[in-house]
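Take a look at the structure below.
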Amino acid sequence: MTDTIVGAEVFLTSPGRNYVTLRITTADGVVGHGDATVNGRELAVASYLRDHVAPLLVGRDPARIEDTWQYLYRGAYWRRGPITMAAIGAVDVALWDILAKRAGQPLYQLLGGAVRDRVLTYTHASAWDTSALLDAVDARREQGFRAVRAQFGVPGLPTVYGVHKDVAAYEPAARGAAPAEERWDTSAYLRHAPAALAAVRDHVGHELELLHDAHHRLTPQQAARLGKALEPVDLYWLEDVTPAENQEALRLVRQHTTTPLAIGEVFNTVFDLHHLVTEQLVDFVRVAVVHAGGVSHLRKIFALAEAFQVRGAPHGPSDVSPVSFGASVHLGMSTHNFAIQEYMGYADLVHEVFPHAWSYADGYLHPGQEPGVGVGFDERLAARYPYDPAYLPVARRLDGTLTDW
Ligand code: GCO
Ligand code: MG
């Protein structure tokens with residue numbers, strides 16, 4: 001018997017930070033959840049879903065996941081881009097959630113079953129100066145993490161991506177009606193980064209995997225120099241060296257360094273990265289379930305990558321909600337070329353608003369055995385924390401020119 005979608009509701013909540021959640025309900029009373037959070041643009045994607053997508057879902061068969069995906073993607077005409085793809089991603093994950101619940105199986109079983117026992121994860125360690133950074137990395141090792149991303153302050157700069165001077169927990173979006181302004185100087189960063197990362201490697205020895213995020217700020221030539229300088233540090237990856245628009249930039253970087261490269265958290269479709277994959281210009285693609293059209297499209301991206309020995313490693317900051325994070329862990333469980341899942345972690349309240357079956361232990365994640373994605377949404381608790389405007393910072397060079405944050 002086919003089921004029918006009878007409702008699609010959108011919820012905005014801010015249990016410490018903003019999330020956009022979609023709930024799809026079927027005539028048989030099955031409920032599926034999806035995440036549509038786009039950090040700093042939450043209202044736009046909520047309206048896209050409420051005003052343009054929800055009315056089209058009612059009456060459709062929830063099991064026709066691929067057809068619904070194509071309908072929303074091709075049917076919009078103005079396709080691709082973060083808002084459209086996050087909206088489609090939320091619908092896609094909610095429909096996979098419904099399908100797996102109806103089957104009485106955790107999602108990974110429907111995606112081909114487990115190819116591993118558990119999913120390797122990495123988390124963040126950051127501190128303004130090197131000695132505090134070593135302590136921060138040690139604290140992550142004590143929590144069992146086998147891979148850690150290290151970010152540090154840069155002498156002469158008041159602020160740096162990934163590091164708060166005064167508090168240990170880093171959250172890039174700040175509350176308020178307009179973005180904060182930061183200062184940036186790539187030369188100062190390039191002078192400092194190799195020594196800072198070498199100090200971390202010396203401290204931890206060779207057992208721990210180390211990662212670093214350059215957050216889109218370098219020219220191809222600067223990126224090549226940094227990659228080369230970091231070769232002795234033996235990074236698991238160097239992330240987002242150049243801005244997203246220019247796939248060709250990575251050719252030059254690749255010619256000059258064997259440091260593994262990761263990119264993709266701001267990419268939304270396979271078309272944003274197919275040259276990077278087919279020419280083997282990167283080692284890891286970091287596209288997130290939420291920002292790239294959900295489980296259906298991310299599977300296609302990873303399938304393309306598999307043919308070229310490129311591995312999947314989805315974005316998992318606090319602005320990816322526990323719903324799409326859970327879906328990502330199911331993909332990790334069932335996708336052969338899935339390498340590692342970023343896990344920035346969530347405030348306690350976020351775990352309460354989104355009770356979940358996925359779990360962390362000893363450096364690894366597991367999606368759990370609950371039917372579906374295994375992530376709920378406590379609507380009443382969420383309603384106590386209404387949307388609260390917050391923005392990612394913008395960055396200016398020392399002369400005041402706006403640059404990539
Ligand atoms: C990462 C990212 C994040 C982003 C954030 C923006 O690697 O986790 O770079 O920290 O900056 O998700 O919303
Ligand atoms: Mg990043």
Side-chain angles (χ1 to χ4, degrees), residues 14 16-20 35-45 82-83 85-86 89 121-126 140 145 147-152 159-164 167-176 179-180 182 184 189 193 209-218 223 226 235-244 250 260-268 272-273 276 282-292 312-322 324-325 328 339-347 350 365 388-395 403-405:
S14 188
R17 63 158 354 286
N18 291 311
Y19 293 110
V20 182
D35 167 31
T37 307
V38 178
N39 205 358
R41 293 294 183 272
E42 295 84 358
L43 300 180
V45 71
I83 305 299
M85 297 311 288
T121 184
Y122 75 90
T123 196
H124 300 180
S126 67
R140 294 315 201 174
F145 285 96
V148 174
R149 187 193 86 164
Q151 305 294 132
F152 37 80
T159 51
V160 172
Y161 162 75
V163 195
H164 270 320
V167 285
Y170 177 75
E171 179 59 56
R175 281 160 197 268
E182 297 187 345
W184 181 247
Y189 165 77
E209 302 286 9
L210 287 179
L211 303 85
H212 178 66
D213 190 346
H215 222 256
H216 326 271
R217 290 165 185 216
L218 311 179
L226 179 64
L235 288 182
Y236 187 83
W237 77 47
L238 177 60
E239 174 176 332
D240 285 346
V241 282
T242 49
L250 274 296
L261 301 172
I263 203 162
E265 66 184 43
V266 297
F267 294 177
N268 310 113
D272 298 333
L273 53 76
L276 296 177
V282 295
D283 301 278
F284 301 92
V285 287
R286 301 200 58 257
V287 193
V289 167
V290 47
H291 299 131
H315 193 205
S318 56
D319 48 285
V320 162
S321 101
S324 41
F325 187 82
S328 202
I340 196 167
Q341 171 64 56
E342 179 181 23
Y343 180 35
M344 182 171 162
Y346 299 101
V350 177
L365 296 160
D388 192 2
Y391 288 95
L392 293 170
V394 297
T403 186
D404 299 288
W405 173 72

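When a ligand or atom number is given, it counts from 1 through the structure's own listing order.
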Suppose we measure from [atom] to each protein heavy atom; which comes out shortest, and what is that distance?
| atom | value |
| --- | --- |
| atom 13 (O) of ligand 1 | Asn39 ND2, 2.8 Å |
| atom 9 (O) of ligand 1 | Glu265 OE2, 2.7 Å |
| atom 8 (O) of ligand 1 | Glu342 OE2, 2.6 Å |
| atom 10 (O) of ligand 1 | Tyr161 OH, 2.6 Å |

Open item on the list: Using heavy atoms and a 4.0 Å limit, tell me yes or no: is Met344 in contact with ligand 1?
Closed with: no
Open item on the list: So is Tyr170 touching ligand 1 or not, going by heavy atoms under 4.0 Å?
Closed with: no
Applying a heavy-atom cut-off of 4.0 Å, say which part of [X] lies close to ligand 1: side chain, backbone, both or neither.
| X | result |
| --- | --- |
| Asp240 | neither |
| Trp405 | side chain |
| Arg149 | side chain |

With atoms numbered from 1 as shown, which atoms in ligand 1 lie under 4.0 angstrom from a non-hydrogen atom of [X]?
| X | answer |
| --- | --- |
| Pro317 | 8 (O), 12 (O) |
| Leu392 | 6 (C), 13 (O) |
| His215 | 4 (C), 9 (O), 11 (O) |
| Asp319 | 5 (C), 12 (O), 13 (O) |

Task: Whether Asp213 has an N, O or S atom under 2.8 Å from the Mg ion (ligand 2) - done: yes
- [ ] Kindly confirm whether the Mg ion (ligand 2) is within less than 2.8 Å of some N/O/S atom in Glu342?
- [x] no
- [ ] Assess the side chains of Glu265 and His291: does a donor N or O sit below 3.5 Å from an acceptor N or O?
- [x] no
TODO: Decide whether His212 and Gln151 meet the rule of one side-chain donor and one side-chain acceptor closer than 3.5 Å.
DONE: yes
Open item on the list: Ignoring hydrogens, what is the shortest heavy-atom contact between Tyr391 and Gly176? Give both atom names and the distance.
Closed with: CD1-O, 3.5 Å
Open item on the list: So which atom in Ile263 and which in Val282 form the shortest heavy-atom distance, rounded to 0.1 Å?
Closed with: CG2-CG1, 3.8 Å
Open item on the list: Rounded at 0.5 Å granularity, tell me how far CG in Leu365 sits from CD in Glu342.
Closed with: 11.5 Å
Open item on the list: Please report the interatomic distance CG(Leu218) to CG(Leu238), rounded to the nearest 0.5 Å.
Closed with: 7.5 Å
Flag, side chain of [X] to backbone of [Y], donor-acceptor distance under 3.5 Å:
| X | Y | result |
| --- | --- | --- |
| Tyr236 | Leu211 | no |
| Thr121 | Gln341 | yes |
| Thr37 | Ser321 | no |

Open item on the list: For N/O/S atoms only: which one belongs to Glu265 and is nearest the Mg ion (ligand 2)?
Closed with: OE1
TODO: Return the name of the atom in Glu239, of element N, O or S, nearest to the Mg ion (ligand 2).
DONE: OE2
TODO: Apply side-chain hydrogen bond (donor to acceptor under 3.5 Å, both in side chains) to the pair His164 and Glu171, showing each step before the final yes or no.
DONE: CA-CA 8 Å; His164 270 320; Glu171 179 59 56; over 6 Å; no
TODO: Taking the six-membered ring for Trp and the full ring for Phe, Tyr or His, determine whether the centres of Tyr161 and Trp184 are under 6.0 Å apart.
DONE: no
